[in-house]
Engineer: 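Take a look at the following structure, please.
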Amino acid sequence: MEPTKDQKIWQVVLLIPAGKVASYGQVADMAGLGRQARYIGRALGKLPPGHSVPWYRVLRSNGQIAFPEGSPTFLKQKELLEQEGVEVISGKVQMRQFRWQP
DNA sequence: AGCGTGACTAGAA
DNA sequence: TTTCTAGCCACGC
(Lines give C-alpha, C1' and ligand atoms only; values in the text may rest on other atoms or scores of the structure.)
Protein backbone atom coordinates (compact mmCIF):
# COMPACT_ATOMS: atom_id res chain seq x y z
CA MET A 1 0.00 0.00 0.00
CA GLU A 2 1.15 3.55 -0.70
CA PRO A 3 2.18 5.70 2.25
CA THR A 4 0.06 8.78 2.71
CA LYS A 5 1.48 12.29 3.03
CA ASP A 6 0.83 12.18 6.73
CA GLN A 7 2.82 8.97 7.06
CA LYS A 8 5.64 10.50 5.05
CA ILE A 9 5.70 13.56 7.28
CA TRP A 10 5.78 11.42 10.38
CA GLN A 11 8.62 9.42 8.89
CA VAL A 12 10.62 12.60 8.27
CA VAL A 13 9.98 13.80 11.80
CA LEU A 14 11.25 10.47 13.05
CA LEU A 15 14.52 11.19 11.26
CA ILE A 16 15.21 14.21 13.47
CA PRO A 17 18.01 13.32 15.91
CA ALA A 18 17.52 13.90 19.61
CA GLY A 19 18.79 17.19 20.95
CA LYS A 20 18.12 18.96 17.66
CA VAL A 21 15.09 20.60 16.08
CA ALA A 22 13.69 21.27 12.61
CA SER A 23 11.28 23.83 11.22
CA TYR A 24 7.99 23.02 9.51
CA GLY A 25 9.34 24.26 6.20
CA GLN A 26 12.38 22.03 6.65
CA VAL A 27 10.21 18.96 7.26
CA ALA A 28 7.90 19.86 4.39
CA ASP A 29 10.81 20.12 2.00
CA MET A 30 12.29 16.80 3.11
CA ALA A 31 8.91 15.12 2.83
CA GLY A 32 8.76 16.34 -0.74
CA LEU A 33 5.82 18.63 0.00
CA GLY A 34 7.73 21.80 -0.81
CA ARG A 35 5.99 24.86 0.65
CA GLN A 36 3.24 23.00 2.46
CA ALA A 37 4.71 23.86 5.83
CA ARG A 38 1.20 24.41 7.16
CA TYR A 39 0.19 20.87 6.31
CA ILE A 40 2.89 19.54 8.64
CA GLY A 41 1.15 20.82 11.71
CA ARG A 42 -2.14 19.49 10.47
CA ALA A 43 -0.60 16.05 9.88
CA LEU A 44 0.90 16.06 13.36
CA GLY A 45 -2.56 16.88 14.66
CA LYS A 46 -3.71 13.67 13.05
CA LEU A 47 -1.13 11.64 14.94
CA PRO A 48 -2.71 8.40 16.17
CA PRO A 49 -2.50 7.36 19.84
CA GLY A 50 0.55 5.34 20.79
CA HIS A 51 2.73 7.06 18.22
CA SER A 52 6.49 7.41 18.63
CA VAL A 53 6.83 10.58 16.58
CA PRO A 54 8.93 13.33 18.19
CA TRP A 55 6.55 16.04 17.04
CA TYR A 56 7.92 18.26 19.77
CA ARG A 57 11.18 18.63 17.81
CA VAL A 58 9.32 20.53 15.09
CA LEU A 59 9.34 24.30 15.58
CA ARG A 60 8.76 27.44 13.53
CA SER A 61 11.39 28.78 11.17
CA ASN A 62 12.48 31.30 13.80
CA GLY A 63 12.84 28.59 16.45
CA GLN A 64 9.70 29.53 18.31
CA ILE A 65 7.15 26.96 19.43
CA ALA A 66 4.01 27.00 17.30
CA PHE A 67 1.63 27.08 20.27
CA PRO A 68 0.61 30.01 22.46
CA GLU A 69 2.45 30.18 25.74
CA GLY A 70 0.46 28.75 28.61
CA SER A 71 -1.19 26.09 26.49
CA PRO A 72 -0.77 22.51 27.80
CA THR A 73 0.65 21.41 24.48
CA PHE A 74 3.16 24.24 24.62
CA LEU A 75 4.24 23.33 28.12
CA LYS A 76 4.53 19.68 27.15
CA GLN A 77 6.68 20.49 24.14
CA LYS A 78 8.87 22.80 26.18
CA GLU A 79 9.38 20.13 28.79
CA LEU A 80 10.25 17.49 26.22
CA LEU A 81 12.70 19.81 24.47
CA GLU A 82 14.45 20.61 27.70
CA GLN A 83 14.57 16.90 28.38
CA GLU A 84 16.40 16.50 25.05
CA GLY A 85 18.86 19.16 26.12
CA VAL A 86 17.36 22.00 24.08
CA GLU A 87 17.29 25.36 25.82
CA VAL A 88 13.88 27.03 25.62
CA ILE A 89 13.55 30.68 26.60
CA SER A 90 10.27 32.63 26.44
CA GLY A 91 8.83 30.00 24.10
CA LYS A 92 11.86 30.28 21.84
CA VAL A 93 14.78 27.97 21.19
CA GLN A 94 18.40 28.91 20.72
CA MET A 95 18.44 27.54 17.22
CA ARG A 96 21.88 29.09 16.68
CA GLN A 97 23.24 25.90 18.21
CA PHE A 98 20.41 23.48 17.59
CA ARG A 99 19.47 24.06 13.97
CA TRP A 100 19.28 20.77 12.13
CA GLN A 101 21.00 20.17 8.78
CA PRO A 102 22.67 23.56 8.18
C1' DA B 1 -18.24 22.79 -6.17
C1' DG B 2 -16.93 26.78 -3.51
C1' DC B 3 -15.18 28.95 0.85
C1' DG B 4 -12.78 29.27 5.19
C1' DT B 5 -9.12 27.74 7.90
C1' DG B 6 -4.41 26.97 9.72
C1' DA B 7 1.15 23.42 14.95
C1' DC B 8 3.77 28.36 8.32
C1' DT B 9 7.33 31.66 5.89
C1' DA B 10 9.64 35.60 4.26
C1' DG B 11 9.97 40.30 3.90
C1' DA B 12 9.07 45.11 5.35
C1' DA B 13 8.44 48.78 9.10
C1' DT C 1 15.40 43.68 18.16
C1' DT C 2 10.12 42.87 17.78
C1' DT C 3 5.69 43.42 15.29
C1' DC C 4 2.80 43.55 11.13
C1' DT C 5 1.42 42.32 6.44
C1' DA C 6 0.89 39.54 2.43
C1' DG C 7 1.38 35.00 0.18
C1' DC C 8 1.01 30.33 0.35
C1' DC C 9 -1.43 25.45 -0.51
C1' DA C 10 -3.90 21.42 0.79
C1' DC C 11 -7.80 19.79 3.57
C1' DG C 12 -12.52 19.74 5.62
C1' DC C 13 -17.22 21.27 5.59
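Computed from a predicted structure; not experimentally measured. Lettering of chains follows the sequences in order, A, B, ..., and the numbering in each one begins at 1.
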Engineer: From CZ of Arg60(A) over to P of dT2(C), roughly how many Å is that when rounded to an integer?
Structural biologist: 14 Å

Engineer: Side chains of Ile65(A) and Thr73(A): closer than 4.5 Å at any heavy-atom pair?
Structural biologist: no

Engineer: Would you say the side chain of Trp10(A) lies within less than 4.5 Å of the side chain of His51(A), judging by non-hydrogen atoms?
Structural biologist: no

Engineer: Looking only at non-hydrogen atoms, find the nearest pair between Ser52(A) and Leu14(A) and report the distance.
Structural biologist: O-CD2, 3.1 Å

Engineer: Please report the distance, rounded to the nearest Å, between CG in Asn62(A) and C1' in dT1(C).
Structural biologist: 13 Å

Engineer: Rounded to the nearest 0.5 Å, how far does CD of Glu82(A) lie from CG of Leu80(A)?
Structural biologist: 9.5 Å

Engineer: Choosing from dA7(B), dT9(B), dT2(C), which nucleotide comes nearest the side chain of Lys92(A)?
Structural biologist: dT2(C)

Engineer: Nearest-Å distance, OH (Tyr24(A)) to P (dA10(B))?
Structural biologist: 14 Å

Engineer: Do Ile89(A) and Lys92(A) have side chains that get closer than 4.5 Å, going by heavy atoms?
Structural biologist: no

Engineer: Between atom CG in Asp29(A) and atom P in dT9(B), what is the gap in whole Å?
Structural biologist: 12 Å

Engineer: Could you work out which one of dA7(B), dT9(B), dT2(C) sits closest to the side chain of Ala66(A)?
Structural biologist: dA7(B)

Engineer: Could you run through nucleotides 4-13 of chain C and give me one letter per nucleotide, 5' to 3': B if any protein heavy atom sits under 4.0 Å from the base, S if only the sugar-phosphate is that close, - if neither?
Structural biologist: ---BBSBBS-

Engineer: Does dA7(B) have its OP1 or OP2 closer than 4.0 Å to a side-chain nitrogen or oxygen of Thr73(A)?
Structural biologist: no

Engineer: Using the side-chain contact (heavy atoms from CB on, under 4.5 Å) rule, take Val53(A) and Ile9(A) through it: C-alpha gap first, then chi angles, then the decisive distance, then the call.
Structural biologist: CA-CA 10 Å; Val53(A) 182; Ile9(A) 292 167; over 6 Å; no

